[in-house]
Amino acid sequence: MASGFIEITNKQGLSATLLPFGATLAKLTFPDKEGKNQDLVLGFNTIDEFESDTQSLGKTVGRVANRIKNSQLKFDGKEYKMTPNNGPHYLHGGPNGLGYEDGLPGDAKIDVTYTVNDRNQLIIEHHATCEIPGLLALTNHAYWNLDGSEDVKEHFLEMDSEEYVEVDDTFCPTGAIRCVKGTRFDFRNRKQLKAFGESENEILDLDNDLVIARKDPPITPTSNLRFWSQKSGIELSITTSYPVIHLYASKFLDCSGKNGEHYGANKALAIEPQFHSAAPNFENFPDVSLRPGQDYCQEIVYTFSHVN
């Protein structure tokens with residue numbers, strides 16, 4: 001990749017290529033079961049393409065990740081209205097993204113740290129402080145395809161989640177938390193992504209928060225989510241301090257990516273550990289306010305291995 005990208009690697013062949021613009025994960029390679037390096041995330045070849053991207057490939061998104069209902073919220077007794085960019089809703093920081101205020105209350109000094117270690121892990125740490133009270137809820141928006149296939153319908157997914165966030169027909173939360181049992185959102189036992197649809201040829205419309213099951217007393221999980229390809233033999237497992245993982249099967253993805261490849265619907269799965277979508281709109285969702293003197297500290301750990 002061109003100058004301006006930063007590469008960090010380990011001795012086992014895990015390599016992450018980063019771009020300071022957007023604190024972006026631009027490339028992630030790991031050997032498949034045959035020892036051939038696979039690039040596991042969607043992206044572009046050039047910095048210019050990343051800078052003009054409107055679909056958040058690999059970027060750190062915020063200041064409030066995912067949707068704000070009807071592009072408005074109330075904070076500290078004051079009403080705020082933002083510019084819609086997803087139907088009537090405000091998505092991933094609006095039309096201008098994380099680097100611009102775009103009507104949100106407050107400010108934030110944000111640090112994103114990427115680490116690759118010898119346990120074949122990529123660790124992303126989100127740290128932030130503010131001088132003016134406001135909101136902060138970040139995520140990483142990498143799109144994952146573990147074998148280079150045209151789509152990820154044959155990939156397997158397993159997640160320790162007993163609840164999901166209900167959405168309306170615009171994919172915005174209603175405020176209700178529902179049980180996954182008996183629904184297509186039940187990934188507690190592994191299943192291929194294509195099982196989420198009603199037919200094999202259907203475009204998968206997965207675009208939902210799944211709530212991470214927390215144990216009482218707390219225990220350290222081996223993973224909150226597992227995603228793998230039998231074709232490449234590569235498995236991605238994720239643990240995170242965030243309370244939900246938003247899954248987006250790229251239904252509306254439509255762009256030209258690395259080496260001119262067309263990225264279309266279901267090409268990849270965006271796996272977004274985060275706070276609940278539309279959290280500022282619902283009192284029963286976690287508080288995502290950030291105030292002077294508070295430290296925002298969250299972590300996402302991606303572990304790469306091979307399936308048996």
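For the numbers below, each heavy atom of this structure counts, side chains included, while hydrogens, waters and symmetry mates do not.
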Exercise. Are Arg226 and Glu235 close enough for a salt bridge, meaning some N to O gap below 4.0 Å?
Worked result: yes

Exercise. Nearest heavy-atom pair of Phe44 and Lys258: which atoms, and what distance?
Worked result: N-CG, 3.6 Å

Exercise. Which residue, Gln230, Gln192, Lys231, forms the side chain to side chain donor-acceptor pair (under 3.5 Å) with Glu154?
Worked result: Gln192

Exercise. Between Arg188, Arg190, Arg184, which is the residue that forms a salt bridge (Lys or Arg N to Asp or Glu O under 4.0 Å) with Asp186?
Worked result: Arg188

For this session: Could you tell me whether the side chain of Val61 reaches within less than 4.5 Å of the side chain of Asn66, counting heavy atoms only?
Result: no

Exercise. Going by the angle between their ring planes, with limits at 30° and 60°, are Phe171 and Phe252 parallel, tilted or perpendicular?
Worked result: perpendicular

Exercise. Nearest heavy-atom pair of Pro31 and Gly13: which atoms, and what distance?
Worked result: CD-O, 3.7 Å

For this session: Would you check if there is a donor-acceptor pair between the side chains of Asn120 and Asn10 at a distance under 3.5 Å?
Result: yes

Problem set entry | Enclosure of Arg119 CZ (heavy-atom neighbours >12, cutoff 6.0 Å) | no

Exercise. Side chains of Ser289 and Asp287: is there a donor and an acceptor less than 3.5 Å apart?
Worked result: yes

Exercise. Are a donor atom and an acceptor atom from the side chains of Glu49 and Ser52 found within less than 3.5 Å of each other?
Worked result: no

Problem set entry | Option among Asp209, Ile177, Val244 that satisfies the side-chain contact (heavy atoms from CB on, under 4.5 Å) test with Phe285 | Ile177

Exercise. Does the side chain of Thr170 come under 3.5 Å of the side chain of His89 through a donor N or O and an acceptor N or O?
Worked result: yes

Exercise. Aromatic rings Phe185 and Phe196: how do their planes relate, parallel, tilted or perpendicular, breaks at 30° and 60°?
Worked result: perpendicular

Exercise. Taking atom CG of Asn201 as the centre, does the number of heavy atoms from other residues, nucleotides or ligands within less than 6.0 Å exceed 12?
Worked result: no

Problem set entry | Side-chain donor-acceptor pair present, His246, Asp207, cut-off under 3.5 Å | yes

For this session: Establish, from distance only, whether the side-chain atoms of Asp111 and His126 form a donor-acceptor pair under 3.5 Å.
Result: no

For this session: Not counting sequence neighbours, which residues clear ring pair (Phe, Tyr, Trp, His ring centres under 6.0 Å) with Tyr248? List them please.
Result: none

Exercise. Roughly how far, to the nearest 0.5 Å, is CG of Asn45 from CD of Glu261?
Worked result: 10.5 Å

Exercise. Donor-acceptor pair, Tyr242 side chain versus Ile245 backbone, under 3.5 Å?
Worked result: no

Exercise. Do the ring centers of Phe227 and Phe156 come within less than 6.0 Å of each other?
Worked result: no

Problem set entry | Main-chain N/O of Leu146 paired with His155 side-chain donor or acceptor, under 3.5 Å | yes

For this session: Indicate whether the side chain of Gln38 and that of Ser232 have a donor and an acceptor atom separated by less than 3.5 Å.
Result: no

Seminar exercise, completed: Partner of Lys59 under side chain to side chain donor-acceptor pair (under 3.5 Å), picked from Asp53, Thr24, Thr139, is Asp53

Problem set entry | Interatomic distance, Tyr114 atom OH to Thr17 atom OG1 [nearest 0.5 angstrom] | 11.5 Å

Problem set entry | Reported CE-to-CG distance for the pair Met159 and Leu210, which is rounded to 0.5 angstrom | 5.0 Å

Exercise. Is it true that Trp228 and Phe304 have ring centroids separated by less than 6.0 Å?
Worked result: no

For this session: Please name the residue in the list Thr113, Ile123, Thr240 that meets the side-chain contact (heavy atoms from CB on, under 4.5 Å) test with Glu299.
Result: Ile123

Exercise. Can Leu135 be reached from Tyr80 by stepping across I, L, V, M, F, W or Y side chains whose heavy atoms are under 4.5 Å apart?
Worked result: yes

Problem set entry | Rounded distance [0.5 Å steps], CG in Leu73 versus CG in Asn281 | 6.5 Å

Problem set entry | Aromatic Tyr164 / basic Arg178 pairing, under 6.0 angstrom, 45° off normal | no

Exercise. Any cation-pi pair here, Lys191 with Phe187, using under 6.0 Å and within 45°?
Worked result: yes

Seminar exercise, completed: Taken to the nearest 0.5 Å, the spacing of Ile110 CD1 from Leu136 CG works out to 5.0 Å

For this session: Would you please classify the geometry between the Phe30 ring and the His306 ring as parallel, tilted or perpendicular, with 30° and 60° separating the classes?
Result: parallel

For this session: Working to the nearest 0.5 Å, report the span between CD1 of Ile234 and OG of Ser305.
Result: 9.5 Å

